[in-house]
Amino acid sequence: SYLEKYKLIQEKVICISHELLSSITTNEDTDIRYEDIQCLYTIFTINPISLISATQITELIHKETSMKNKFKLEDIRDIIT
């Protein structure tokens with residue numbers, strides 16, 4: 001994220017964020033999902049570009065069973081809106 005923010009690399013964040021989003025939706029382990037959500041959160045705090053829509057995040061919040069994960073997803077939604 002830092003490297004892309006300062007234009008040292010380009011378009012890696014998009015690919016990584018989509019891979020993380022896919023992993024969050026398919027993985028059944030809440031701890032692994034939390035790690036992926038935390039990675040997304042870090043990406044968006046460093047470089048708050050809207051790669052993922054607030055609607056997608058809201059859908060994840062509704063499907064999520066872990067409260068810890070829901071709260072972190074809500075933090076991400078707050079950043080991108």
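One is the number of the first residue; the rest follow in order along the sequence. Values below: all heavy atoms of this structure, side chains included; hydrogens, waters and symmetry mates excluded.
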Do K70 and H62 have side chains that approach each other closer than 4.5 Å (heavy atoms only, starting at C-beta)?
no
For F71, what are the other residues in its hydrophobic cluster, where any two members join if their side-chain heavy atoms are less than 4.5 angstrom apart?
M67
N/O donor-acceptor pairs under 3.5 Å from side chains in residues 72-81, not counting sequence neighbours:
residue: R77; atom: NH1; partner: T58; partner atom: OG1; Å: 3.4
residue: T81; atom: OG1; partner: R77; partner atom: O; Å: 2.9

Has the side chain of S22 got a donor or acceptor atom that lies under 3.5 Å from a matching backbone atom of H18?
no
Can you tell me how far CD1 of I24 sits from SG of C39, rounded to the nearest 0.5 angstrom?
8.5 Å
Residues which pass side-chain hydrogen bond (donor to acceptor under 3.5 Å, both in side chains) with T30, listed by chain and number, not counting sequence neighbours
none
Applying salt bridge (Lys or Arg N to Asp or Glu O under 4.0 Å) as the test, list every pair that has at least one member in residues 17-31; sequence neighbours left out.
none
When clusters are formed by joining ILVMFWY residues with side-chain heavy atoms under 4.5 Å apart, either directly or through shared neighbours, do I14 and L40 land in the same one?
yes
Heavy-atom pair of closest approach, residues N27 and R33
O-NH1, 3.0 Å
S17 OG to I43 CD1 distance, which is reported to the nearest 0.5 Å:
6.0 Å
Please enumerate all residues that pass side chain to side chain contact (heavy atoms under 4.5 Å, CB included) together with K63, with sequence neighbours excluded.
none
Would you please name every residue forming a side chain to side chain contact (heavy atoms under 4.5 Å, CB included) with L21, sequence neighbours left out?
I52, Q56, L60
